Protein chains: 2
Amino acid sequence: MRRKSGDKEKRIADAAIRVFGRDGYHGAKITRIAEEAGVATGSVYLYFRNKQSILQYLFAKLWKELHVGFAYVAQQADLDPRTKVELIIDGILDQFEKNPSLALLFVNEQTQLLRDGTGEFMQYYVDFLQLGERVVRDGIRKGVFRPDVDPRIFTNLVFGATRQLLHQWARAPRQFPLDTVRREIKAVFFGGLLIPLSSTAPRA
Amino acid sequence: MRRKSGDKEKRIADAAIRVFGRDGYHGAKITRIAEEAGVATGSVYLYFRNKQSILQYLFAKLWKELHVGFAYVAQQADLDPRTKVELIIDGILDQFEKNPSLALLFVNEQTQLLRDGTGEFMQYYVDFLQLGERVVRDGIRKGVFRPDVDPRIFTNLVFGATRQLLHQWARAPRQFPLDTVRREIKAVFFGGLLIPLSSTAPRA
DNA sequence: GTTAAAAATGAATCGCGGTTCAAATGTACT
DNA sequence: AGTACATTTGAACCGCGATTCATTTTTAAC
């Protein structure tokens, strides 16, 4: 007999992140992924059913990790809503901080999977959005957030804004330091753009 | 001799918007576009060099129109910065209000063109972002906007958030009425999520 | 009514790349 | 030091769909 070398699956997955991220799902060639993984073309099919399933696997893994973090934050009863929102934003950014390719994949190829609405990751994705809604709704109930904000729309606003900046950052990390991005997202979403009319200056 | 029937180019372009929007750039088949345009397959190539150039044409047209509106708004000396930002947001939403397919195209396939960084639309795109920055910077100088907001990041935040909601709206117009979206975007970006600590309740 | 040239057609072509599979290779056990 | 069987290989296969082009249709000029 003979045992699978063990790290091949991971090597293929990592290479796929880079190639999908660089060339896009359709531009990515299986042969290239195999090459970057240091593996024969056919070997890819020992670990994944087909091209599509590689992408599905990567997204399922990614969203599962994000989801775990969110669920943990959301259920903490002693955290105030504002901190929860901050931690969720941090959670997303932390996930990509060390891996620009993953960020590009995340931002660019999600539609690829969203289109047919299938796949394991879908469940985590909708769950995440609902979780965000609940946190906002909770904040409103506790009188910390504005009552005229629509929780579902707000969640999408934050998510969309974060995606866009993640994209810019991944394309040119120098021009968009993640720490600045992090700070600005929070500042804007919490405090808004306008200087309040009648109050002492609030902090960012 | 014989003259081109004249409306074929437009019929093809319109069909392309629908098919690209529905099936995505790579899922879209030329034969299908021709069919929906009521034209033979080969005719598509009388009006466009190839598939890619159809997408380029559509984006160039779209961004040109957006850009014209923005440039007009931005140069108005008598408008206050806040109104300018509002008008820019309105400009984007107006463009898609009557055409969900165009919105899907806009949101999903931009990366397709961004990837090789070429194409006529690129020029209008970067110009638009710079224009947004200038408006924000102007607002800060006039003391209307918070000075600690980074204009470039803010522009991307608004743009990303708008894209995401446009996407949700186009997928399910019922669940996300554009008027609500419009109002919420402005409310959040101007006023933020938090209830100000020491002030009379500000308006949305 | 005839002609000439452009416009339109759509079946055939052709290359690309995802997928397969017969052959080669490595490993454990005897 | 050989056998059995799982893993690995990569060249060949095959379908799909963008693009082409020989043929047909339309129109304008005479």
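None of these values were measured; they are calculated from a predicted model. Note on naming: letters A, B, ... go to the chains in the order of the sequence lines (proteins, then strands), and numbering restarts at 1 for each one.
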Novice: By side-chain contact (heavy atoms from CB on, under 4.5 Å), which residues pair with B:Gln95, not counting sequence neighbours?
Specialist: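 side-chain contact (heavy atoms from CB on, under 4.5 Å) check on B:Gln95 returns B:Leu62, B:Glu65, B:Leu66.
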Novice: Sequence neighbours left out, cut at 3.5 Å: what donor-acceptor pairs do the side chains of residues 16-23 of chain A make with other protein atoms?
Specialist:
{"unit_1": "A:Arg18", "atom_1": "NE", "unit_2": "A:Glu36", "atom_2": "OE1", "d": "3.2"}
{"unit_1": "A:Arg22", "atom_1": "NH2", "unit_2": "A:Glu36", "atom_2": "OE2", "d": "2.4"}

Novice: Quantified as the angle between the terminal helix axes (five pairs each), what is the overall bend of the helix from C:dG1-D:dC30 to C:dT30-D:dA1 to 10 degrees?
Specialist: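 Answer for the end axes of this duplex: 10°.
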Novice: Starting at CG of B:Asp7 and ending at P of C:dA7, how long is that distance when rounded to a whole Å?
Specialist: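 Interatomic distance, CG of B:Asp7 to P of C:dA7: 15 Å.
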Novice: Rounded to whole Å, please give me the gap between CG in A:Asn50 and C1' in C:dG17.
Specialist: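 Distance, rounded to whole Å: 14 Å.
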Novice: Check nucleotides 10-13 of chain D against the protein and report each pair of N or O atoms closer than 3.5 Å, with its distance, or say if there are none.
Specialist:
{"unit_1": "D:dG10", "atom_1": "N7", "unit_2": "A:Gly42", "atom_2": "N", "d": "3.0"}

Novice: Of the nucleotides D:dT9, C:dA8, D:dA18, which one has an atom closest to the side chain of B:Lys51?
Specialist: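 Nucleotide nearest to B:Lys51's side chain: D:dA18.
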Novice: Taking C-beta and beyond as the side chain, do B:Met122 and B:Leu114 meet within less than 4.5 Å on heavy atoms?
Specialist: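 The answer is yes, as the side chains (C-beta and beyond) meet within the 4.5 Å cut-off.
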Novice: NZ of B:Lys142 to CG of B:Asp138: how many Å apart, nearest 0.5 Å?
Specialist: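 It comes to 4.0 Å.
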Novice: Using a 4.5 Å cut-off on heavy atoms from C-beta on, say whether the side chain of B:Asp14 contacts that of B:Lys10.
Specialist: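 Counting from C-beta outward, B:Lys10 and B:Asp14 do come under 4.5 Å.
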Novice: Would you kindly give the CZ-to-P distance between B:Phe48 and D:dT19, to the nearest whole Å?
Specialist: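 It works out to 13 Å between those atoms.
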Novice: In whole angstrom, what separates B:Gln52's CD from D:dA18's C1'?
Specialist: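 Interatomic distance, CD of B:Gln52 to C1' of D:dA18: 13 Å.
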Novice: Rounded to the nearest 0.5 Å, what separation is found between the CG atom of A:Leu131 and the NZ atom of A:Lys84?
Specialist: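 These two atoms lie 9.0 Å from each other.
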Novice: Heavy atoms under 4.0 Å, any strand shown: does B:Tyr47 hit a base, just sugar-phosphate, or nothing?
Specialist: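 Result for B:Tyr47 = sugar-phosphate.
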Novice: Calculate the interatomic distance between B:Glu9 atom CD and C:dA8 atom P; express it in whole Å.
Specialist: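 Distance check: B:Glu9 CD to C:dA8 P gives 11 Å.
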Novice: Could you tell me whether A:Glu109 and B:Arg115 make a salt bridge, using a distance below 4.0 angstrom between a side-chain N and a carboxylate O?
Specialist: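 Salt bridge between A:Glu109 and B:Arg115, a charged N being under 4.0 Å from a carboxylate O: yes.
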Novice: Does any residue of residues 14-36 of chain A have a heavy atom under 4.0 Å from DNA chain C, and if so, which ones, in number order?
Specialist: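 Here the set is A:Ala28, A:Lys29, A:Ile30.
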Novice: For the side-chain contact (heavy atoms from CB on, under 4.5 Å) test, which of A:Ile185, A:Val181, A:Val107 pairs with A:Thr162?
Specialist: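 Looking at A:Ile185, A:Val181, A:Val107, the match for A:Thr162 under the side-chain contact (heavy atoms from CB on, under 4.5 Å) is A:Ile185.
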Novice: Atom OH of B:Tyr45 to atom P of C:dA6: distance rounded to whole Å?
Specialist: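 So the OH-P distance, B:Tyr45 to C:dA6, works out to 23 Å.
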Novice: Run through A:Phe106, A:Phe59, A:Phe128 and flag the one making a ring pair (Phe, Tyr, Trp, His ring centres under 6.0 Å) with A:Phe121.
Specialist: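 Result: among A:Phe106, A:Phe59, A:Phe128, A:Phe59 is the only option passing the ring pair (Phe, Tyr, Trp, His ring centres under 6.0 Å) with A:Phe121.
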Novice: Taking only distance into account, with no hydrogens and no angle test, what donor-acceptor pairs under 3.5 Å do side-chain atoms of residues 154-161 of chain A form with protein atoms, sequence neighbours excluded?
Specialist:
{"unit_1": "A:Thr155", "atom_1": "OG1", "unit_2": "A:Glu133", "atom_2": "N", "d": "3.4"}
{"unit_1": "A:Thr155", "atom_1": "OG1", "unit_2": "A:Pro151", "atom_2": "O", "d": "2.8"}
{"unit_1": "A:Asn156", "atom_1": "OD1", "unit_2": "B:Gln164", "atom_2": "NE2", "d": "2.9"}
{"unit_1": "A:Asn156", "atom_1": "OD1", "unit_2": "B:Gln168", "atom_2": "NE2", "d": "2.9"}
{"unit_1": "A:Asn156", "atom_1": "ND2", "unit_2": "A:Arg152", "atom_2": "O", "d": "3.1"}

Novice: Roughly how many Å is it from NZ in A:Lys8 to C1' in D:dT8, rounded to a whole number?
Specialist: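 Taking NZ of A:Lys8 and C1' of D:dT8, I get 7 Å after rounding.
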Novice: Taking all atoms of both residues into account, what is the closest heavy-atom pair of B:Gly27 and B:Lys29, and its distance?
Specialist: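 Heavy atoms of B:Gly27 and B:Lys29 come nearest at O-NZ, 2.9 Å.
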